[in-house]
Amino acid sequence: MQAYRKFEPLVVVDKTRQTYNVSRRVFVDPEVLAAEQEEIFERCWLYLGHESELPKMGDFVTRRVAGRQIIFSRDAQGKLNALLNACPHRGAMVCRERQGNAKSFQCFYHGWIFALDGACRDIPGADSYPEGFKDKPEARLQSVARFESYRGFAFLCFDPDAVSLETYLGGAKEYIDLVADHSEVGMTIVGGTQEYSIKANWKLLCENSFDGYHAATNHATYLDYLKDRADNLVPIALNGIARDLGNGHAVAEYRAPWGRPVAQWIPAWGEEGKQDLEAIYQRLVERFGVERADRIARTNRNLLIFPNLVINDIMAITVRSFYPVAPDHMLINAWALAPVDENAHRRHDRLTNFLEFLGPGGFATPDDIEALEQCQRGYANNKETCWNNLSKGMAKEVPSYDDEAQMRAYWNEWNRRVVGA
Amino acid sequence: MTRVTRQEVEDFLFMEADLLDEWRLPEWLTLFTEDAHYYVPSTDVAHDAPPDNNLFYVADDRYRLEQRVKRLMKRTAHVEFPHSKTRHLVSNVRIRAESGDDLDVSTAFITYRTNHGTTNVYFGTGYYKLVVTSGGFKIREKRAVLASEGLRDQGRVSIIL
Ligand code: FES
Ligand SMILES: [Fe+2]
């Protein structure tokens with residue numbers, strides 16, 4: 001692949017010395033951000049939303065993806081669509097609500113009306129246009145070039161020539177399956193979006209989302225909290241691996257002492273919880289056999305789908321996507337994913353688990369936000385201190401979940417796309 | 001019982017705000033009942049949405065509220081170390097409903113937070129469920145409903161609103 005800009009080496013690997021260094025320029029330079037827009041966001045498959053967000057015909061949400069304004073809708077045929085939210089007439093945003101249900105969208109400027117699949121339904125003063133004009137492609141709300149789903153996760157791509165979503169996801173499909181298989185009925189996004197921001201480069205959140213190395217110090221208070229009540233934990237050591245899944249996707253996969261709503265019981269969830277989780281686990285065994293049931297229910301996964309989708313299946317499941325608005329500023333949307341058929345008690349435990357750790361009001365994520373912002377501040381010293389070190393565990397055959405192999409997998413792909421190495 | 005006046009409620013809420021701004025969080029905690037809850041809902045759900053089936057920013061029961069205070073008082077709560085400077089402004093206090101010793105109160109709040117040279121503003125409506133006890137008011141529920149679009153400007157809600 002030929003990158004359109006020329007950069008000096010930004011990712012420098014020395015296998016003999018076992019060093020893997022990333023230039024801090026990549027976090028501060030607007031030129032790098034512009035190259036990322038061209039080489040990554042214009043070409044990769046990007047997460048738009050989850051199918052469960054649009055249960056009924058006529059449901060829609062509007063969302064920004066890689067700088068575009070997108071309408072994610074379920075049309076009258078029940079089909080999902082990704083439409084560019086710009087009127088074919090003179091460009092106004094046609095849908096200005098963040099979510100809802102509608103039979104059609106009417107542009108408020110001159111009143112053109114569109115169906116939820118983008119077809120133009122009506123044009124005021126249609127007799128001033130040629131016969132049949134409203135059925136022409138130029139009268140439609142335009143669809144995004146590519147739009148495909150995998151196991152309920154809907155992605156779009158602005159590159160018409162991109163490989164299929166499944167080819168793109170490659171080795172990451174195995175891990176999406178492990179999440180989607182939590183329930184045979186299906187998974188759903190729980191109501192309520194956490195919308196926040198971090199004054200730091202967006203790639204720092206990619207790294208942070210599956211960084212197993214920082215827990216002991218950065219999340220000391222969260223670990224204190226878990227230990228404060230013996231019934232919050234089961235005696236299982238933090239232990240696991242990291243895997244490069246190809247195409248820049250990577251995962252940390254590990255066991256941990258916290259409760260998992262599917263399905264690792266902790267005493268705090270009581271006898272009733274124990275029975276519920278046992279039933280969930282048994283059903284997984286029936287469906288998949290013991291080995292896979294154990295993997296689904298009892299291992300944790302911090303999965304990064306290149307470039308910017310995080311699915312962390314840990315003490316709860318968070319789906320998180322984020323975009324740069326400047327080299328030192330990103331906007332984040334985070335959701336909770338849960339089995340459709342989860343009962344009210346287990347849903348409650350799940351959301352409690354989620355909020356204790358995750359999100360901008362939790363006991364852990366705010367300290368991640370602080371760490372990322374302090375890194376960004378440190379990059380003011382770039383002229384003298386130029387390199388991030390991502391060498392941890394480089395010599396290992398099987399890298400541990402708390403090494404940095406998962407980040408190296410990400411950076412290798414980033415480097416291939418942006419620098420063209 | 002005698003009717004509670006708005007002024008009495010305001011005095012209580014102003015005192016609460018001062019305790020927060022002075023980082024006297026363990027004392028602040030004593031204003032709450034043993035079955036208390038503290039909520040900050042996400043901003044794309046209804047202001048009275050239930051926390052059991054909606055993802056909030058914060059949905060603390062009494063136990064987690066204690067843990068939140070405990071955490072915030074530690075040096076290892078990195079996001080609030082050094083402590084940010086805050087000013088909680090409480091206004092537009094209205095007693096919405098009264099029955100027996102229970103009181104529904106709403107406020108308009110603006111909270112400024114400064115840390116590392118950046119100032120953020122949290123604003124919205126505070127919904128309180130207060131109880132009149134022999135020892136004065138207690139808070140049974142505090143729900144801080146942000147009027148902003150999520151936390152796009154503030155980035156986090158690491159302080160108590
Ligand atoms: S811009 Fe939409 S109808 Fe004119
Ligand atoms: Fe973290």
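In what follows, chains are A, B, ... by sequence order, proteins preceding strands, each numbered from 1. From a predicted model like this one, the values you see are computed outputs, not experimental measurements.
With respect to chain A, the highest number of heavy-atom pairs below 4.5 Å among Thr76(B), Ile159(B), Val40(B), Asn115(B) belongs to Thr76(B). Contacts with chain B were tallied for Phe354(A), Tyr222(A), Tyr196(A), Trp335(A); Tyr196(A) has the most, counting heavy-atom pairs under 4.5 Å. With chain B as the partner, the residue from Arg98(A), Arg229(A), Glu356(A) showing the most heavy-atom pairs under 4.5 Å is Arg229(A).
Remark: Arg74(A) engages no residue in a salt bridge (charged side-chain N to carboxylate O under 4.0 Å, His left out) (not counting sequence neighbours).
The local environment of CZ in Arg6(B) is sparse, with at most 12 non-hydrogen atoms from other residues, nucleotides or ligands closer than 6.0 Å. Enclosure of atom CD in Glu22(B) by more than 12 non-hydrogen atoms of other residues, nucleotides or ligands within 6.0 angstrom is indicated.
Both the backbone and the side chain of Val58(B) have a heavy atom closer than 4.5 Å to some heavy atom of chain A. Residue contact with chain B, scored on non-hydrogen atoms closer than 4.5 Å, involves the backbone and the side chain of Phe363(A) alike. Looking at Pro41(B), there are no atoms closer than 4.5 Å to chain A (heavy atoms on both sides), in backbone or side chain. Looking at Arg350(A), there are no atoms closer than 4.5 Å to chain B (heavy atoms on both sides), in backbone or side chain.
Ring planes of Tyr38(B) and Trp28(B): perpendicular class, angle over 60° (limits at 30 and 60°). Between Phe56(B) and Tyr39(B), the ring planes are perpendicular. Angles over 60° get that label, and only those under 30° would be called parallel.
The shortest side-chain heavy-atom distance between Glu195(A) and Thr43(B) falls under the 4.5 Å cut-off.
Checked by atom type, the side-chain pair Thr118(B)/His116(B) shows no donor-acceptor distance below 3.5 Å. Side-chain contact of Asn388(A) with Arg24(A): a donor-acceptor pair under 3.5 Å is present, judged by distance alone. Gln99(A) and Asp44(B) form no side-chain donor-acceptor contact under 3.5 Å, judged by distance and modelled atom types alone. With 3.5 Å as the limit, one finds no donor-acceptor pair spanning the side chains of His37(B) and Asp61(B). Residues Ser42(B) and Gln194(A) bring no donor and acceptor atom of their side chains to less than 3.5 Å of each other.
Checked against the 6.0 Å centroid threshold, His83(B) and Phe81(B) do not count as a close aromatic pair. Phe109(B) and His88(B) have their aromatic ring centers separated by at least 6.0 angstrom. Aromatic rings of Phe105(A) and Phe60(A) (six-membered ring for Trp) have centroids within the 6.0 Å cut-off, being under it.
One finds the OG1 atom of Thr114(B) at 8.0 Å from the CG atom of Asn120(B) (value rounded to the nearest 0.5 Å).
Within residues 150-157 of chain B, the residues that have a heavy atom under 4.5 Å from a heavy atom of chain A are Gly150(B), Leu151(B), Arg152(B), Asp153(B), Gly155(B), Arg156(B), Val157(B), listed by number. Contacts of residues 365-376 of chain A with chain B at a heavy-atom distance below 4.5 Å involve Pro366(A), Asp367(A), Ile369(A), Glu370(A), Glu373(A), Gln374(A), listed in sequence order. Annotation: residues 314-333 of chain A contacts chain B through Leu331(A), Ile332(A), Asn333(A) [non-hydrogen atoms, separation under 4.5 Å].
When the options Glu16(B), Glu141(B), Arg96(B), Arg140(B) are evaluated for a side-chain hydrogen bond (donor to acceptor under 3.5 Å, both in side chains) with Tyr128(B), the one that passes is Glu16(B).
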